[in-house]
Amino acid sequence: MLTLPTGFADLTAAFAALFTKRVFQSVQVLLAGAILATGKRTVTSVLRVMGLAQEPHFQTYHRVLNRAKWSALAGSRRLLLTLIDAFLPAGPLIMGLDDTIERRRGAKINAKGIYRDPVRSSHGHFVKASGLRWLCLMLLAPIPWAGRVWALPFLSVLSPSQRYYQKRCRHPKKLTDRARQMLRLVKRWLPHRSVVVVADSSFAAIELLAAVGKQVCMITRMRLDAALYDPPSPRRLGALGRTPRKGARLPSLQAVLENPATVWQSVTITRWYSQGAREVNITSGTAFWVHSGMPAVPLRWVVVRDPVQKFKPQAFLCTDETIAPAQMLSWFVLRWQVEVTFEEARAHLGMETQRQWSDRAIARTTPCVLGLYSIVALMARQSLDCQELPVRSASWYRKDLATFSDTLALVRRCLWSTNNLSMSHKSPDMVEIPRALFDRLTDTLSYAA
């Protein structure tokens with residue numbers, strides 16, 4: 001029987017209703033083992049670190065992913081509500097939406113495709129990557145012990161390529177279609193909370209903005225040559241014909257940028273990506289974004305330029321016209337934390353090292369690995385209990401704030417210190433080692449990748 005620390009047991013108990021009693025015991029083993037394991041996050045590596053290398057019924061743990069009946073969506077909802085209670089009990093909920101490529105190969109991986117690699121590609125260099133594409137929604141929450149905002153994943157959906165649907169004679173589902181479903185689902189989960197979603201230019205699609213603009217506030221990048229119009233004039237009583245969708249055409253944002261008569265306002269963004277406070281010049285307005293055959297989208301646009309010209313002018317949009325431009329930019333720059341989470345999940349949680357081949361196991365494993373990032377943050381909060389998290393530093397490297405590696409190390413220490421964590425038979429042999437050597441071993445294991 002696996003025994004977890006009291007705070008961790010209470011946290012995992014929130015998900016117990018999703019599984020049968022027997023399956024939940026295996027889930028606890030997989031959860032603890034995935035945190036403690038280093039390197040690959042395969043089921044076999046999890047069993048080894050839990051002392052179950054000689055377990056004759058090892059297939060029981062594989063069946064949690066490829067056969068057992070449990071709802072990943074229900075788990076996502078439980079995780080989101082737990083994160084909100086822990087980190088954002090009040091105020092608007094800021095969420096980051098983005099896709100990532102999981103580099104996987106194998107003849108049995110049906111949903112894999114060939115995509116543009118966003119990390120290795122540039123404007124003049126195109127690099128392709130073969131693998132699985134995941135669309136992820138993350139809660140952007142302030143972490144007290146880290147002194148900054150983290151992107152905490154709670155919902156990840158597999159988004160196969162167009163070729164995958166063509167082989168099965170099905171209508172392809174675009175990335176924006178998946179995003180629409182995810183955002184509407186989250187709003188149904190949180191009917192009484194204000195939700196703000198920040199995303200890159202891939203999601204600046206009129207169909208998506210029109211479909212979710214009334215439920216959530218979308219903030220994305222915007223093209224400088226977008227067709228913007230005044231609001232339509234009020235319809236006259238007794239007028240014939242269709243109700244107008246738009247008013248007079250407005251100058252493009254590129255023309256606004258180049259117009260010497262444009263009035264610019266200087267604002268300071270508290271945290272401009274990783275550069276700290278940054279002063280920028282902005283100009284803003286409201287308009288209707290209209291394209292032929294598509295619905296009109298009311299929005300607020302903002303054009304940003306750098307006084308010292310270290311980056312090119314950029315344009316942003318917000319589907320809530322009442323949001324202040326400075327607030328828009330402050331929320332949007334938090335989107336970069338999504339990329340940080342993807343990188344840290346690969347570096348510390350073994351993303352892209354799992355080896356499931358069945359469709360059901362593939363669809364479950366990667367969302368669980370990404371969700372493990374949020375679970376670690378929740379476990380650290382339970383363990384700290386208003387105390388400061390110890391930060392690993394050295395005489396040649398000063399580190400003032402804790403990072404995810406420090407957080408993961410804290411959770412590992414707490415798990416290793418539990419007497420009944422190992423499920424293997426206890427050996428009667430005891431070997432005493434010096435305390436200094438023991439501390440070195442635990443420190444090395446806690447920070448192992």
Side-chain angles (χ1 to χ4, degrees), residues 2 12 15-50 52-53 55-79 99-113 115 129-137 153-161 163-165 167-168 170 173 178 182 342 345-346 348-376:
L2 177 67
T12 57
F15 301 89
L18 303 175
F19 311 93
T20 63
K21 185 177 181 180
R22 180 175 297 179
V23 171
F24 185 62
Q25 294 177 355
S26 300
V27 169
Q28 288 182 301
V29 174
L30 293 175
L31 173 62
I35 294 174
L36 295 175
T38 60
K40 295 182 178 180
R41 291 311 193 278
T42 59
V43 175
T44 53
S45 64
V46 167
L47 294 180
R48 286 182 185 276
V49 79
M50 295 298 292
L52 295 172
E55 169 61 45
H57 303 292
F58 58 88
Q59 68 275 7
T60 300
Y61 300 94
H62 288 274
R63 288 173 180 166
V64 173
L65 298 171
N66 59 28
R67 291 191 183 182
K69 293 183 179 180
W70 53 274
S71 172
L73 282 180
S76 297
R77 182 177 181 272
R78 294 283 180 99
L79 180 57
D99 64 302
T100 187
I101 306 301
E102 180 190 3
R103 297 165 185 84
R104 294 283 301 276
R105 293 183 179 181
K108 295 183 179 180
I109 303 179
N110 297 319
K112 69 178 183 296
Y115 308 96
S130 175
L132 302 171
R133 182 174 61 181
W134 296 91
L135 183 59
C136 303
L137 197 56
F154 65 88
L155 179 59
S156 302
V157 176
L158 184 61
S159 302
S161 64
R163 185 180 300 177
Y164 170 86
Y165 290 100
K167 288 182 178 180
R168 288 156 180 77
R170 294 171 55 189
K173 183 169 288 188
R178 298 276 184 186
M182 294 171 66
F342 286 144
R346 291 181 173 92
H348 301 292
L349 298 178
M351 184 178 170
E352 297 182 348
T353 64
Q354 58 269 30
R355 288 293 178 266
Q356 282 71 29
W357 306 116
S358 69
D359 291 343
R360 176 177 287 183
I362 289 172
R364 287 174 168 179
T365 306
T366 300
C368 288
V369 171
L370 287 168
L372 191 63
Y373 190 98
S374 300
I375 293 292
V376 168

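As the structure is a prediction and not an experimental result, all values here were calculated from the model.
Interatomic distance, T44 OG1 to F58 CZ, rounded to the nearest 0.5 Å: 10.0 Å. For the atom pair OG (S156) and CG (L135), the distance works out to 8.5 Å, reported to the nearest 0.5 Å. Taken from SG in C368 to CG in L372, the straight-line distance is 9.0 Å, to the nearest 0.5 Å. Expressed to the nearest 0.5 Å, how far CG of L30 lies from CZ of F24 amounts to 11.5 Å.
Counting only residues at least two apart or on different chains, no salt bridge (Lys or Arg N to Asp or Glu O under 4.0 Å) pair has a member in residues 55-76. The stretch residues 356-374 participates, sequence neighbours left out, in no salt bridge (Lys or Arg N to Asp or Glu O under 4.0 Å) pair at all.
In this view, K173 and Y165, D177, R178, Q181 satisfy the side chain to side chain contact (heavy atoms under 4.5 Å, CB included) rule, not counting sequence neighbours. Take E352 and apply the side chain to side chain contact (heavy atoms under 4.5 Å, CB included) test, not counting sequence neighbours, and it matches E102, R103, R346. For R355, the side chain to side chain contact (heavy atoms under 4.5 Å, CB included) partners are T42, R104, W357, not counting sequence neighbours. Residues forming a side chain to side chain contact (heavy atoms under 4.5 Å, CB included) with S26 (at least two apart in sequence, or on another chain): T60, Y61, V64.
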Using the rule given for side chain to side chain contact (heavy atoms under 4.5 Å, CB included), can you reason through V43 versus L65, listing the C-alpha separation, both sets of side-chain angles and the distance that settles it, and then say yes or no?
CA-CA 10 Å; V43 175; L65 298 171; 4.2 Å; yes
Next item on the list: Give the intermediate values and the outcome of side chain to side chain contact (heavy atoms under 4.5 Å, CB included) for residues L370 and M351.
Entry: CA-CA 8 Å; L370 287 168; M351 184 178 170; 3.8 Å; yes
task = For side chain to side chain contact (heavy atoms under 4.5 Å, CB included), just list the numbers for V157 and M182, CA-CA rounded to whole Å, side-chain angles, deciding distance to a tenth of an Å, and then say yes or no.
result = CA-CA 9 Å; V157 176; M182 294 171 66; 3.8 Å; yes
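With Y164 as the aromatic partner, R168 meets the cation-pi criteria of under 6.0 angstrom to the ring centre and within 45 degrees of the ring axis.
Judged by distance alone, with hydrogens and angles left aside, the side-chain atoms of S76 form a donor-acceptor pair with the main-chain N or O of F154 at under 3.5 Å. R41 places a side-chain N or O within donor-acceptor distance of the main-chain N or O of G39, the cut-off being under 3.5 Å. Within the 3.5 Å criterion, the main-chain N or O of P153 finds a donor-acceptor partner in the side chain of S374.
Nearest approach of Y115 to P160, heavy atoms of both residues: OH-C, 3.7 Å.
In this structure, I375 and T12 have side chains that are not in contact, with every pair of non-hydrogen atoms separated by 4.5 Å or more.
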